[in-house]
Structure formats: structure tokens, C-alpha cells
Amino acid sequence: QLLQGRAAGVTVTTNSGQPGAAVSVRIRGVNSISGTSEPLYIIDGVPVSGGEGENGVASPLASLNQNDIEDINILKDASATAIYGSRGSNGVVIITTKKGKKGQNSVKYSTFVALQQPINKIETMNLQQYATLQNDINRIYNINAIPEFTDPSSLGPGTDWQNEIFDTALTQSHQISFQGGAEGISYYISGNHIEQEGTVIGSGFERTAVRANIDAKISDRIKAGISLTASRVGEDLVFNGSSTGVVGLSLLNNPAIAVFNADGSFAGPGLNDDFRIPNPVAEALSIRDRNVRNRILGNIYATFKITDKLEFRTEFGGDFGFNNRNTFTPIYQFGEILNENNNVVDRNQTTDFVII
């Protein structure tokens, strides 16, 4: 959102409505047919490769607190490849975070609370319209009439599946920062926590991040500093990638089917339902998919002043990621759709290291 509409030749789009979803950044259009067209991100000197990630949610910037950003620069065309080689072929986005300033000690706290809800739902048939359509189809193909649909005008509106899977979502964010400096040292330290519920039930995103930028003048000829951020991102995922996703199922489902049975269990299609569309509410609330990503990103540097016009700088940095994804599919029965074999737990752990 910081980039949208502000940089010529740069297109920013959100891949999905999933909270914390990845964004696609295109600099000078799509540059690859089969590979990624995402740019290279440089965050305080540490390269972070762009990518849309699995299910479009693994954004390389999801762990970055936007309140910590001082400025954003974009390199295009040959200027990018001249510095970063082939990794910069899709362009480079250089992000610099805030630093401490001598004599400007401050403590800042900011927060916001917001509500989100879908406003343009797709128009579908209610139960009366659906019953009328089924009666017409049955007459055309000489199929026995459904007794419950004999008088459509006596029926109620039925189940509005879009209303059932969408909900008003709460977003809240809290940010605190300490910035300042004294003789020979400057600092910027911040902490941020954000929680975002998804407008689709069962989905959500949360992030806790801590950043420390410290620069120190050790002597007249030696300077050193550290730029470090640590974050923990948690995502509650709901599959919504096609017609078999939660939103797709809500558009295809029968308004004559209830969400719950009389005993409180999830309802589903019966034997006389030719299409057997699964209950999307049951899919969203019964199947658990939790993805937790821990990340440490930063670098340490030292500068040695050799002469008045010559300095030597050395630095060590890296991007370290520790990811855990747990999926739980229980034994269930939604009408005539059932999984009676076993409860299934799928655990996936990955570790990523990039050292510069």
C-alpha cells in the first residue's frame, strides 16, 4: 500500500483476501514466462528474495513492520543488474528502516482498531427461486417432483451460504518505539503486535516483531552498529484457491441444506442430492491449518577510517527462517459426505538460511 500508485512503472496487487497474504510487485511489467517476476528486496543491506509462496500467503515482507520504514527506493532496468547482478533482473526494492538521532530522544506509541467486511457479494438464488428452477427442470426431463418443492411460495429464503462463511473481521495493531542518541551512540528500538481476523471464518493473521538499530562511535576511527529484527508470524489458513475452496463451495451450494443438524452437528447433502456439495462452514471450522514462521533478519557492521578520504567497511548479515505448519483433518460426517478412516495430522518443518 505504501508503493501503490506512487512509483512510475511499478504495479502492486494483492494475491488474495487472506490476512497477511503475499503481494505481487511488478517493476516494468512481467519479466519472466515460467519463473518469478518478483523483485529483489534489500532490507537494511540484507537481500530478501520476493516470492508469492505457497497458497499465496508467504509474503517476504509479512515479517516487516511498516512503521519502522524510513524510506523506500526502487531500482529499475540496468541500474539494478549493475549492482546486484542477475538477482536484480526483475528490479530491486531497497528498504531502509529508521535510525536513532542524537539529541532527539523520544518514546512513541500508536495503535488502531479497524473493522472489515465484504460489501459486494455475488448474487445467488434463494430457496424459493431454487425450488422453482428445480421444478422446471423436473418437468422438462420428466423427473419425479421433489415433494418439499411443490409450493415454492410457501418456502422461506433458505440458507445464504455467503452470509454463513463471511463475517465482520476485527483488526488491531499496537506499536511502541524508542528513538534517540547521546554522545557516540544512537538507537532505534521498536516493538509491534498486530492481529487481523479474516472476513472468511476460520482465517486469521498475527505478527509480533521487535527491531533494534544501534550505531556506536567506538573511537575517532572506528564505528560499529547492528540492525536486527526478529518476528513471529502466525496464520490460520482456509483453503480458498478454486471452486473447491470455501468461497467457491458457498456459491455452488444448495440453499435447501441447513448449516447445522438439530443436534448441533454439521449438516450436509443427502442421498437424493446429485451434486453432493460439501458444507463450506464445516470445511472452514473443522479442518485446521496453522502456519507459524519465525524469522531473524539483520546485519552487524564495522567501519575503519584509514585516512580522511578512505574507509574500510566490513559486515556480516543474514536471513534466518524457522517455519512450522500443522494441518489437522478430523474424522467427520457432513450429511452423506464422510471421512471415517482416521484423524490425520500433517506437520511440516522447514529452515532457511541466507548469509551475506
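Positions are given from 1 along the sequence. Computed over heavy atoms, backbone and side chain alike; hydrogens, waters and symmetry mates excluded.
Partners of R232 under the side chain to side chain donor-acceptor pair (under 3.5 Å) rule, at least two apart in sequence or in another chain, are N294. The side chain to side chain donor-acceptor pair (under 3.5 Å) check on Q175 picks up N65, with sequence neighbours excluded. Applying the side chain to side chain donor-acceptor pair (under 3.5 Å) criterion to S227, with sequence neighbours excluded, gives D44, R211, N213. Residues satisfying the ring pair (Phe, Tyr, Trp, His ring centres under 6.0 Å) criterion with Y332, sequence neighbours excluded, are F334. Residues forming a side chain to side chain donor-acceptor pair (under 3.5 Å) with S153 (at least two apart in sequence, or on another chain): D151.
Smallest separation of non-hydrogen atoms from G91 and I27: CA-CD1, 3.9 Å. Across S186 and G100, no two heavy atoms sit closer than the pair CB-O, 3.5 Å. Between P39 and V93, the shortest heavy-atom distance links the atoms CG-CG2, 4.0 Å. In plain terms, the two heavy atoms of S250 and Q162 that are nearest each other are OG-CG, 3.9 Å. Pairing each heavy atom of E283 with each of P278, the nearest pair is OE2-CB, 3.8 Å. Closest approach of S177 and S190 over heavy atoms only: CB-CB, 3.9 Å.
Environment of CD1 in I122: sparse, with no more than 12 heavy atoms of neighbouring residues, nucleotides or ligands closer than 6.0 Å. By the neighbour-count criterion of 12 heavy atoms within 6.0 Å, atom CZ of F275 is sparsely surrounded, having that number or fewer from other residues, nucleotides or ligands. Heavy-atom neighbours of R313 CZ from other residues, nucleotides or ligands within 6.0 Å: above the threshold of 12. Within a 6.0 Å sphere centred on CG of D308, heavy atoms belonging to other residues, nucleotides or ligands number 12 at most. The environment of R276 atom CZ is dense: over 12 non-hydrogen atoms of other residues, nucleotides or ligands sit within 6.0 angstrom. In the displayed structure, F112 atom CZ is contacted under 6.0 Å by more than 12 heavy atoms of other residues, nucleotides or ligands. The environment of NZ in K223 is sparse: at most 12 heavy-atom neighbours from other residues, nucleotides or ligands sit within 6.0 Å.
For E235 (side chain) and L237 (main-chain N/O), no donor-acceptor pair under 3.5 Å exists by modelled atom type. Under the 3.5 Å distance criterion, the side-chain polar atoms of T159 are matched with a main-chain donor or acceptor of I257. N343 places a side-chain N or O within donor-acceptor distance of the main-chain N or O of I331, the cut-off being under 3.5 Å. Proximity of a side-chain donor or acceptor of D289 to a complementary backbone N or O of F239 within less than 3.5 Å is not detected. Listed for the N279 side chain is a donor-acceptor partner under 3.5 Å among the backbone atoms of V259. Remark: side-chain polar atoms of N261 are not paired, donor with acceptor, to backbone N or O of G264 under 3.5 angstrom. Panel note: side chain K76, backbone G9; no donor-acceptor pair is recorded below 3.5 Å. R295 places no side-chain N or O within 3.5 Å of a backbone atom of G321 that could act as its donor or acceptor partner. Under the 3.5 Å distance criterion, the side-chain polar atoms of Q104 are left unmatched by any main-chain donor or acceptor of K101. In this structure a side-chain-to-backbone donor-acceptor pair under 3.5 Å is present from N339 to P330.
Atom OG1 in T199 sits 11.5 Å away from atom CD1 in I119 (nearest 0.5 Å). One finds the CD1 atom of I189 at 11.0 Å from the CG atom of L228 (value rounded to the nearest 0.5 Å). Here CD of Q134 is found 9.5 Å from CG of D136. Values are rounded to the nearest 0.5 Å. Note that CG of N324 and CD of Q349 are 4.5 Å apart. Values are rounded to the nearest 0.5 Å. Atoms CD1 and CG, on I42 and N73 in that order, are 12.0 Å from each other to the nearest 0.5 Å. Distance check, rounded to the nearest 0.5 Å: OG1 of T229 to CD1 of I43 gives 8.5 Å.
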Worked check of side-chain hydrogen bond (donor to acceptor under 3.5 Å, both in side chains) between Y188 and D68: CA-CA 9 Å; Y188 176 84; D68 291 338; 2.8 Å; yes
Verdict with reasoning, K102 to E183, per salt bridge (charged side-chain N to carboxylate O under 4.0 Å, His left out): CA-CA 7 Å; K102 180 180 176 181; E183 188 66 33; 2.9 Å; yes
Stepwise salt bridge (charged side-chain N to carboxylate O under 4.0 Å, His left out) test for K121 and E123: CA-CA 6 Å; K121 298 178 182 178; E123 197 170 327; over 6 Å; no
From CA spacing to verdict: side chain to side chain contact (heavy atoms under 4.5 Å, CB included), V292, V233: CA-CA 6 Å; V292 177; V233 175; over 6 Å; no
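Of the residues Q18, R290, R288, the one that meets the side chain to side chain donor-acceptor pair (under 3.5 Å) test with D236 is R290. Checked options V247, I287, V200; the residue passing with V238 is V200 (criterion: side-chain contact (heavy atoms from CB on, under 4.5 Å)). In summary, of the residues considered (E206, Q116, Q172, R207), a side-chain contact (heavy atoms from CB on, under 4.5 Å) with Q196 occurs for Q116 alone.
Annotation: side chain of L75 is in contact with side chain of I83 (closest heavy-atom distance under 4.5 Å). By the 4.5 Å heavy-atom criterion applied to side chains, E315 and I300 are not counted as neighbours. Side-chain atoms of P47 and R87, non-hydrogen and from C-beta on, do get closer than 4.5 Å to each other. By the 4.5 Å heavy-atom criterion applied to side chains, N138 and I146 are counted as neighbours. Considering only heavy atoms from C-beta on, I94 stays 4.5 Å or farther from Y41 through its side chain. Counting heavy atoms from C-beta on, the side chains of L170 and L115 come closer than 4.5 Å. Side-chain contact between K305 and I222 is absent, with no heavy atoms from C-beta onward closer than 4.5 Å. Residues S231 and T208 have side chains not in contact (no heavy-atom distance under 4.5 Å, counting atoms from C-beta outward).
Follow the hydrophobic side-chain contacts under 4.5 Å out from I277 and you never reach V281; the two are in separate clusters. A single hydrophobic cluster is seen to contain both F149 and I143, as judged by linkage of ILVMFWY side chains at heavy-atom distances under 4.5 Å, directly or through other members. Residue F205 is not grouped with residue V246 when hydrophobic side chains (ILVMFWY) are merged at heavy-atom distances under 4.5 angstrom, including chains of intermediate members. In the hydrophobic clustering of ILVMFWY residues, with side-chain heavy atoms under 4.5 Å counting as a link, V210 and I194 come out apart. By the rule that hydrophobic residues join a cluster once side-chain heavy atoms approach within less than 4.5 Å of another member, L127 and W161 end up as members of separate clusters.
The existence of a salt bridge linking R26 and E38 is confirmed by a sub-4.0 Å separation between a basic side-chain nitrogen and an acidic carboxylate oxygen.
Contacts classified as ring-ring contact (aromatic ring centres under 6.0 Å, His included) and involving residues 296-327 (residues at least two apart or in different chains) are given here: F320-F353, F322-F353.
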